[in-house]
Protein chains: 2
Amino acid sequence: MAASIIDVAKRAEVSTATVSRALRGLPNVSAATRERVLRAAEELSYSVSPHASSLASGRTGTVGVVVPFVNRWFYSQVLAGIDSVLRAHDLDLLLYNLGDERVHERFFTRMPLRRRVDALIVLNLPLSAAESEALVSMEVPIAVLGSSIPGCWHVSIDNQEGASTAVRHLINLGHRRIGMITAAPGDPRGFTTPIVRQHAYRTVLAQAGIAYDPDLEVPGHLSIDEGASAMAQLLSLAEPPTAVFAESDHMAFGALRTLGRMGLTAPDDVSVIGFDDHETAELLDLTTIAQPVAHQGELLARQILDALSGGDEEPAQVVVPTRLVVRGTTGAAREHPPRYHSTPRPGPEPDQHSTTAR
Amino acid sequence: MAASIIDVAKRAEVSTATVSRALRGLPNVSAATRERVLRAAEELSYSVSPHASSLASGRTGTVGVVVPFVNRWFYSQVLAGIDSVLRAHDLDLLLYNLGDERVHERFFTRMPLRRRVDALIVLNLPLSAAESEALVSMEVPIAVLGSSIPGCWHVSIDNQEGASTAVRHLINLGHRRIGMITAAPGDPRGFTTPIVRQHAYRTVLAQAGIAYDPDLEVPGHLSIDEGASAMAQLLSLAEPPTAVFAESDHMAFGALRTLGRMGLTAPDDVSVIGFDDHETAELLDLTTIAQPVAHQGELLARQILDALSGGDEEPAQVVVPTRLVVRGTTGAAREHPPRYHSTPRPGPEPDQHSTTAR
DNA sequence: TGCTTCCATGCACACGTTTACAACGCGCCG
DNA sequence: CGGCGCGTTGTAAACGTGTGCATGGAAGCA
């Protein structure tokens with residue numbers, strides 16, 4: 001049986017109240033008694049019961065983190081950023097992975113984090129209005145990544161600027177026929193990132209005097225395989241693009257794979273630019289828009305810290321910049337782009353793929 | 001203010017004891033009253049206070065997961081596996097990321113999980129004897145991945161078999177001069193995986209009648225960059241290997257990068273095999289030893305469930321099999337392997353790299 | 001009918017802290 | 001010399017739930 005505060009009090013010959021104050025470093029306890037208490041606690045190898053403490057004080061010392069997919073690179077990076085800051089302030093991290101649709105639903109009906117956390121961090125989750133409201137009703141500070149909830153703290157990248165930079169990069173290289181592999185189309189819930197990026201894509205094209213062609217926008221659902229299919233679809237057009245902007249590196253990887261399997265090469269045949277600067281983007285020599293991933297996690301955690309300590313300041317919004325990283329998969333447009341009317345080689349076995357330097 | 005059990009009791013016109021029993025589905029409560037209680041709770045949108053519940057019952061409904069690096073692919077996958085099982089049983093997941101050495105140390109001096117979790121899952125952590133003992137002293141069931149602690153549950157892959165398979169694959173292709181890029185050498189703590197794999201490598205070579213050459217074993221510290229350096233070192237040997245076994249895919253990626261930068265190709269110049277079947281292994285067409293990653297997480301979580309429910313069975317050990325995945329980076333040995341005495345091209349800018357199909 | 005058995009329910013305490021409030025001693029100042 | 005303020009400590013009441021035990025009543029049985 002672990003020692004309780006009463007045992008410590010007896011051994012130090014003080015009341016439990018004094019023990020509590022001494023251990024938490026409250027000012028109103030004399031140096032001598034504090035010393036005695038600390039020694040007694042040490043000798044009994046005592047540690048406070050977090051549950052009793054929470055119950056009495058109302059504070060839990062815990063922050064809930066809700067993430068759509070822990071096992072994806074992006075979220076695991078953000079999570080690491082969050083963790084590093086929380087840990088430094090002795091806050092615990094209660095993880096909620098909502099990958100499954102059933103789990104997502106269950107989360108919002110049962111609200112298992114209610115009364116369990118001092119604050120909430122929500123990563124990039126498509127939320128319905130009712131769901132946002134349910135979160136707010138927990139009456140704890142909330143920091144949101146990606147989307148936004150009224151009255152909550154907020155961190156995001158400048159998607160408008162990032163996507164514009166990507167498309168401008170391609171235009172500057174001389175490309176006029178530019179495709180986009182987009183994320184999920186028209187999600188009814190409040191997840192605006194794909195919309196903003198798509199808007200930027202269209203706007204920049206328009207500014208460059210390039211006519212809008214809906215055939216050049218193909219959804220890729222953020223996965224490698226879907227990105228590969230999307231690229232195949234683009235290449236099958238009567239007039240295929242000479243450059244493609246994939247709004248995630250994963251989809252860009254898929255696009256590169258399709259190129260390789262068709263015997264094509266980036267950037268010689270098609271230029272490809274991604275978004276994220278995933279760790280393997282460098283390996284594949286992919287030009288991309290980099291965003292500070294772990295850093296965003298740290299910012300979210302810091303906002304929570306502010307909210308928990310300061311208290312009454314109103315929630316702030318932080319926008320972090322993106323950065324163009326030019327690597328080997330984008331290059332100058334050819335004078336006469338070749339026509340590719342071949343179809344991807346089918347077959348279960350892995351095929352070749354390759355990328356070459358600019 | 002959130003409703004408490006007393007409010008529910010009043011509204012349902014029963015005692016709090018009955019409310020408690022009804023809500024937890026205990027058998028000894030009549031259907032009629034249970035119905036009344038559930039409705040009252042629903043109307044007040046009541047949810048139990050986890051802290052009060054923990055304090056009273058001694059159970060926390062929480063499992064601590066200690067992981068060295070959340071942001072690495074492997075651990076995030078395992079974490080997802082753990083989460084899926086725990087979630088299905090309404091257990092919360094308290095995450096501890098120990099990446100930093102300071103954090104690691106602090107964790108073991110302060111034991112912040114003590115009295116806070118019902119069980120512990122420890123991922124692949126190099127632990128000193130004192131640290132293992134500290135964990136055991138928490139007196140909760142512990143499931144360990146990779147390493148092993150006496151008296152604890154245990155999941156791991158068959159490293160002996162996996163590594164042997166990798167080396168045999170290379171030998172079967174006709175290779176006689178086979179290098180190995182190893183993980184950290186001689187960690188004084190109880191982390192045996194690299195040792196087992198190295199032993200398998202040496203044993204299989206010996207069984208094939210191939211003389212042991214210490215120059216062919218180079219440490220790569222599990223990172224892409226170090227893996228790249230290791231490959232460079234292997235290629236600079238007077239008699240370089242014709243095939244290389246990297247004991248992690250990350251290091252294999254680095255190895256491929258080095259080959260690419262030197263204008264060499266796998267498997268035409270050097271065959272490369274990795275370990276893990278990382279998600280980008282397929283992209284790079286890397287032959288590798290696959291291990292079921294998320295599945296191991298699920299197994300760990302299930303062990304914990306057994307320990308928490310069953311109770312008195314003694315901890316079991318599960319060994320999951322690995323699987324050879326042949327892709328494009330391994331191929332038959334050449335009759336007369338070329339000599340490469342060039343050094344890697346230096347330079348800050350990214351360089352080409354490529355892989356081709358078998 | 002009277003006794004036992006069993007189920008449903010209530011009573012009251014325990015769980016281990018935090019914290020408002022009171023009490024106490026001491027020095028200071030009027 | 002008395003009162004006042006301040007710093008230190010103790011007292012006791014929450015905090016919200018789980019659970020052993022007692023109670024009451026209905027059903028079963030002789």
Side-chain angles (χ1 to χ4, degrees), chain A residues 1-38 40-41 44-62 90 92 111-118 139, chain B residues 1-38 40-41 44-62 90 92 111-118 139:
Chain A
M1 203 55 193
S4 89
I5 199 174
I6 303 182
D7 306 319
V8 180
K10 280 181 186 154
R11 181 175 262 257
E13 297 177 317
V14 291
S15 70
T16 62
T18 303
V19 173
S20 174
R21 288 186 280 247
L23 291 181
R24 282 178 301 150
L26 296 193
N28 50 349
V29 44
S30 75
T33 35
R34 162 162 301 146
E35 172 61 28
R36 257 206 336 280
V37 169
L38 288 180
L44 295 173
S45 75
Y46 163 81
S47 58
V48 309
S49 158
H51 300 292
S53 175
S54 302
L55 185 57
S57 70
R59 291 173 244 109
T60 69
T62 305
D90 280 326
D92 282 333
M111 282 283 133
L113 253 38
R114 163 172 294 174
R115 298 162 137 221
R116 193 141 178 33
V117 295
D118 289 340
E139 294 180 336
Chain B
M1 205 54 194
S4 89
I5 199 175
I6 302 181
D7 306 320
V8 180
K10 280 182 187 154
R11 180 175 263 258
E13 295 177 317
V14 291
S15 71
T16 61
T18 302
V19 173
S20 174
R21 289 187 277 249
L23 291 182
R24 281 177 304 148
L26 295 193
N28 49 349
V29 44
S30 75
T33 38
R34 163 161 301 145
E35 173 59 30
R36 256 207 337 279
V37 169
L38 288 181
L44 295 173
S45 73
Y46 163 80
S47 58
V48 310
S49 159
H51 300 292
S53 175
S54 302
L55 184 57
S57 70
R59 292 173 243 109
T60 69
T62 305
D90 281 326
D92 282 332
M111 282 284 132
L113 252 39
R114 162 171 294 173
R115 296 163 137 223
R116 195 142 178 30
V117 295
D118 289 340
E139 294 179 336

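What you are looking at is a predicted structure, and each value in this text was computed from that prediction instead of being measured. Proteins come first, then strands; the chains are lettered A, B, ... in the order of their sequence lines, and each starts at number 1.
For Thr16(A) and dT17(C), the shortest distance from a side-chain N or O to OP1 or OP2 is not below 4.0 Å. OP1 or OP2 of dG10(D) has at least one side-chain nitrogen or oxygen of Thr18(A) nearer than 4.0 Å. The side chain of Ser20(B) places an N or O atom within less than 4.0 Å of a non-bridging phosphate oxygen (OP1 or OP2) of dG18(D). For the pair Arg59(A) and dT19(C), the criterion of a side-chain N or O lying under 4.0 Å from OP1 or OP2 is met. An OP1 or OP2 oxygen of dT18(C) is reached within less than 4.0 angstrom by a side-chain nitrogen or oxygen of Ser53(A). At dG10(C), one or more side-chain N or O atoms of Ser15(B) fall inside 4.0 Å of OP1 or OP2 (strictly under the cut-off). Contact between the side-chain N/O atoms of Thr33(B) and the OP1/OP2 oxygens of dT9(C) is found at a separation under 4.0 Å.
Nearest heavy-atom pair across Ala52(A) and Leu55(B) is CB-CD1, 3.7 Å. Closest approach of Gly58(A) to Asp118(A), counting heavy atoms only: O-OD1, 4.3 Å.
Residues Ala52(B) and Val19(A) each lie close to DNA chain C; by heavy-atom proximity, the contact nearer the 5' end of the strand is made by Ala52(B). Each of Val29(A) and Ser57(B) has a nearest nucleotide on DNA chain D; the 5'-most of these lies closest to Val29(A).
Among residues two or more places apart in sequence or in another chain, the side-chain hydrogen bond (donor to acceptor under 3.5 Å, both in side chains) test is passed with Thr33(B) by Ser30(B). Applying the side-chain hydrogen bond (donor to acceptor under 3.5 Å, both in side chains) test to Arg116(B) and every residue at least two apart in sequence or in another chain returns Thr62(A), Asp92(A).
Whole-Å rounding puts the Arg24(A) CZ to dT19(C) P distance at 5 Å. dT19(C) atom C1' lies 15 Å from atom CG of Leu23(A), rounded to whole Å. As rounded to whole Å, 15 Å separates atom P of dG16(C) from atom CZ of Arg114(B). As a whole-Å value, the separation of Leu55(B) CG from dT17(D) P is 12 Å. Separating the CG atom of Leu44(A) from the P atom of dG16(C) is a distance of 14 Å, rounded to the nearest angstrom. At whole-Å resolution of the value, CD in Glu35(A) and C1' in dT9(D) are 18 Å apart. Rounded to whole Å, the distance from CD1 on Ile5(A) to C1' on dT17(C) is 6 Å. To the nearest angstrom, C1' of dC7(C) lies 14 Å from CG of Leu26(B).
Residue-to-nucleotide contacts include a donor-acceptor pair under 3.5 Å from the side chain of Arg21(B) to the base of dG10(C).
Counting any heavy atom pair closer than 4.0 Å across all strands shown, Arg115(A) reaches sugar-phosphate atoms only and no base atom. Among the heavy atoms of the strands lying under 4.0 Å from Val14(A) are primed sugar atoms or P, OP1, OP2 only; no base atom is included.
Axis angle between the ends of the helix from dT1(C)-dA30(D) to dG30(C)-dC1(D), five pairs each and rounded to 10 degrees, works out to 50°.
With contacts defined as side-chain heavy-atom distances shorter than 4.5 Å, the pair Pro112(B)/Asp90(A) does not qualify. Asp7(B) places none of its side-chain heavy atoms less than 4.5 Å from the side chain of Arg11(B).
Among dA12(C), dA8(C), dT18(C), the nucleotide with an atom closest to any side-chain atom of Ser30(B) is dA8(C). With dG18(D), dG16(D), dT11(D) as the candidates, the nucleotide lying closest to the side chain of Ala17(A) is dT11(D).
The closest donor-acceptor contact from the side chain of Arg36(A) to the backbone of Ala12(A) lies under 3.5 Å.
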Checklist line | Test side-chain contact (heavy atoms from CB on, under 4.5 Å) applied to Ser47(A) and Arg115(B), step by step | finding: CA-CA 8 Å; Ser47(A) 58; Arg115(B) 296 163 137 223; 3.9 Å; yes

